[in-house]
Amino acid sequence: MNYWLFKSEPDEYSLRDLAAEPGRTGRWDGIRNYQARNFLRDRVQEGDGVLFYHSACRLPAVVGTAEVVRPAYPDPAQFDPESPYFDPKSTAGEPRWFCVDIRWQDEFARPVPLAEIKADPELQEMVLVKQGRLSVQPVTPGQWRHLLELGRG
DNA sequence: GCCAACGTTGGC
DNA sequence: GCCAACGTTGGC
């Protein structure tokens, strides 16, 4: 059982978009960064906890949590020429990109903004603080607990 | 919209 | 395999 932080641009796919999916379950796809891909493919497991983070928006923040309900499988979008995530170099036999399915779990009573995370002495070791751009990143149990506490408002 | 940080590409 | 050029991410 591990904890993760997943980033999404809310204009593309927000926590509420996930909540509106059938079964509150959606595909986490479109990851096209090798470091993030490796975490998804090799480390993310069913039952893992996910901090849902909104990026590239008015208030970058952790807004809630989700649970991994299906571990890595090839991202179908890489084979679809119509998709912006199409990758002509990827083959069915040797897929390059992976996705997982996640289920909505909770929306925080209060979003926890990036600025607050950066200012929190307990959260200085978060990958979010140290390496801003990674879209799938590990979170420690202590960081997870602390974020949930902050999100209770 | 700017720009810093960082990842990827491709010539050599 | 180096590295310059270029593209992307994402905070501000």
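Letters A, B, ... mirror the listed sequences (proteins, then strands); counts begin at 1.
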* Side-chain H-bond candidate by donor/acceptor type, A:Arg27 with A:Tyr73, under 3.5 Å -> yes
* Provide, to the nearest angstrom, the distance between the CZ atom belonging to A:Phe6 and the C1' atom belonging to C:dG10. => 19 Å
* Considering only B:dT8, C:dC12, C:dG10, which nucleotide approaches the side chain of A:Lys118 most closely? -> C:dC12
* To do: Give the rounded distance in Å between these two atoms: CG of A:Asn33 and P of B:dT9.
  => 12 Å
* Round to the nearest Å and state the distance from A:Tyr53 atom OH to C:dT9 atom C1'. => 11 Å
* The side chain of A:Lys89 lies closest to which of these nucleotides: B:dC6, C:dG11, B:dT9? -> B:dT9
* Asked: If you group Ile, Leu, Val, Met, Phe, Trp and Tyr by side-chain heavy-atom gaps below 4.5 Å, do A:Phe52 and A:Trp4 land in one group?
  -> yes
* Any donor-acceptor pair under 3.5 Å from A:Gln137 side chain to A:Leu134 backbone -> yes
* Asked: Nearest 0.5 Å, what's the CH2-OG distance between A:Trp28 and A:Ser135?
  -> 8.0 Å
* Asked: Quick one: which of B:dG7, C:dG11, B:dT8 gets closest to the side chain of A:Gln35?
  -> B:dG7
* Asked: A:Pro60 side chain: which of B:dT8, C:dG11, C:dG10 is closest?
  -> C:dG11
* Structure fact -> Closest to the side chain of A:Lys7, out of C:dG11, C:dG10, B:dG7, is C:dG10
* To do: Could you tell me the separation between the CZ atom of A:Arg32 and the P atom of B:dT8, rounded to a whole number of Å?
  => 13 Å
* To do: Take the protein atom CD of A:Glu116 and the nucleotide atom P of C:dG11, then report the distance between them rounded to whole Å.
  => 15 Å
* To do: Please report, rounded to the nearest Å, how far the P atom of C:dG11 is from the NE2 atom of A:His54.
  => 12 Å
* **Rounded distance in Å - CG (A:Leu5) to C1' (C:dT9)** => 15 Å
* Separation of atom CG in A:Asp11 from atom P in C:dG10, rounded to whole Å -> 13 Å
